[in-house]
Amino acid sequence: MKIAIGCDPNAQKEKEDLIRFIEEKGFGDVTDFGSDDPVYANVAIRVGEAVASGEFDRGILICGTGIGVSIAANKVKGAYAALLTDFYSAQRARLSNDANIACMGAFTTGSKEREVMITEFLTQEFVPGCSSQPKVDAFVKYDEER
């Protein structure tokens, strides 16, 4: 799996910790899209574009709360960013919503919690034809038509 990751300057350490964790667990190859830009929207859009284009399978974004990067990434057509706050939201982001970008808060979640959430996000797969399919189809259709 090819994973794009980025953050704002406040989340540099959290991003580095997640990269190390992902590599240690063998979840995939990680490409760092940086953290120097104080305008988090810029890195979020770059990660969103990389994932939406198919160059990367999944994306991970981190800012103070995860809210800003989530909003910014979701402006990219084909990017489906979910704000992960706990185990269940991470699991459902994939299983029910087919999200392709995980967003997390550096100030709102702890390191172990981020590891649990990213494990769920990277190991769960959306099942085509499941009961959530019509819901996912609706937002994908809207996205494609805009």
Side-chain angles (χ1 to χ4, degrees), residues 1-8 10-11 14-15 17-35 37 39-146:
M1 179 182 310
K2 292 179 67 178
I3 303 161
I5 191 169
C7 67
D8 72 1
N10 295 316
E14 290 79 6
K15 180 187 70 175
D17 290 348
L18 270 182
I19 290 171
R20 217 173 2 266
F21 175 76
I22 291 164
E23 290 174 344
E24 286 173 5
K25 294 293 183 182
F27 290 140
D29 298 319
V30 182
T31 299
D32 187 350
F33 278 64
S35 60
D37 194 332
V39 179
Y40 58 74
N42 294 328
V43 71
I45 289 167
R46 285 196 307 272
V47 168
E49 289 172 339
V51 173
S53 73
E55 182 183 352
F56 288 85
D57 302 302
R58 305 265 171 86
I60 300 168
L61 292 166
I62 312 164
C63 69
T65 62
I67 296 168
V69 290
S70 177
I71 292 169
N74 277 316
K75 299 299 180 191
V76 176
K77 188 184 242 186
Y80 303 110
L83 177 60
L84 309 184
T85 57
D86 53 42
F87 170 87
Y88 189 70
S89 66
Q91 185 182 69
R92 299 326 296 181
R94 289 294 306 139
L95 293 176
S96 296
N97 298 285
D98 201 16
N100 54 15
I101 300 172
C103 300
M104 293 178 278
F107 304 153
T108 58
T109 58
S111 61
K112 292 300 177 196
E113 191 173 18
R114 282 189 295 276
E115 289 175 0
V116 167
M117 291 188 301
I118 213 61
T119 297
E120 282 303 298
F121 186 78
L122 296 177
T123 60
Q124 297 294 337
E125 290 296 334
F126 181 75
V127 178
C130 69
S131 62
S132 294
Q133 186 74 60
K135 300 164 201 164
V136 172
D137 289 346
F139 66 71
V140 170
K141 181 179 182 222
Y142 177 82
D143 196 29
E144 290 171 350
E145 292 174 351
R146 65 181 170 124

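Please read all numbers here as calculations on a predicted model, not as lab measurements. The first residue of the sequence shown is numbered 1, and numbering continues consecutively from there.
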Q: Identify the heavy atoms of Leu83 and Ile67 that sit nearest to each other, and give their distance.
A: CD2-CG1, 3.8 Å
**Q.** Which atom of Arg94 lies closest to which atom of Arg58, heavy atoms considered
**A.** NH2-NH2, 2.9 Å
Q.
Distance check, rounded to the nearest 0.5 Å: Lys2 atom NZ versus Asp29 atom CG?
A. 8.0 Å
Q: Output yes when a side-chain donor or acceptor of Asn74 lies under 3.5 Å from a complementary backbone atom of Ser70, and no otherwise.
A: yes
Q | From Ile60, Ile5, Ile3, residue fulfilling side-chain contact (heavy atoms from CB on, under 4.5 Å) relative to Ile19 | A | Ile5
**Q.** Tyr88 backbone acceptor or donor facing Asp86 side chain under 3.5 Å
**A.** yes
Q: Measure the shortest side-chain to side-chain distance between Asp8 and Val69 over non-hydrogen atoms and say whether it is less than 4.5 angstrom.
A: no
Q: Please tell me if the side chains of Met104 and Leu18 come closer than 4.5 Å, counting only heavy atoms from C-beta onward.
A: yes
Q.
Would you say that Glu14 contacts Ser111 through its side chain, given a criterion of any heavy-atom pair below 4.5 Å between the two side chains?
A. no
Q) If you take all heavy atoms of Ala73 and Ala79, which pair is closest and at what distance? A) O-CB, 3.3 Å
Q) With a 4.0 Å cut-off, would you call Arg46 and Glu55 a salt bridge? A) no
**Q.** Sub-4.5 Å side-chain heavy-atom contact between Leu61 and Tyr40
**A.** no
**Q.** Phe27 side chain near Thr119 side chain, heavy-atom distance below 4.5 Å
**A.** yes
Q. Can you find a heavy atom in the side chain of Leu84 that is under 4.5 Å from one in the side chain of Glu120?
A. no
Q | Salt bridge flag under 4.0 Å for residues Lys112 and Glu115 | A | yes
Q: For the residue pair Ile45 and Lys75, establish whether any side-chain heavy-atom pair is separated by less than 4.5 Å.
A: no
Q) Sub-3.5 Å donor-acceptor pair from the side chain of Asn97 to the main-chain atoms of Arg92, do we have one? A) yes
Q) How about Phe126 and Tyr80: are their ring centroids closer than 6.0 Å? A) no
Q.
Any carboxylate oxygen within less than 4.0 angstrom of a Lys/Arg side-chain nitrogen, looking at Arg20 and Glu24?
A. no
**Q.** Nearest non-hydrogen partners of Gly6 and Val47, listed with the distance
**A.** N-CG2, 4.1 Å
(Q) If you define the side chain from C-beta out and look only at heavy atoms, does anything of Met117 sit under 4.5 Å from Thr109? (A) yes
Q | Least distance between heavy atoms, Asn100 atom then Ala81 atom | A | OD1-N, 4.5 Å
Q) Any idea which heavy atoms bring Phe121 and Ala102 closest together, and the distance? A) CZ-N, 3.5 Å
Q) What distance do Asp32 atom CG and Lys15 atom NZ have between them, rounded to the nearest 0.5 Å? A) 3.0 Å
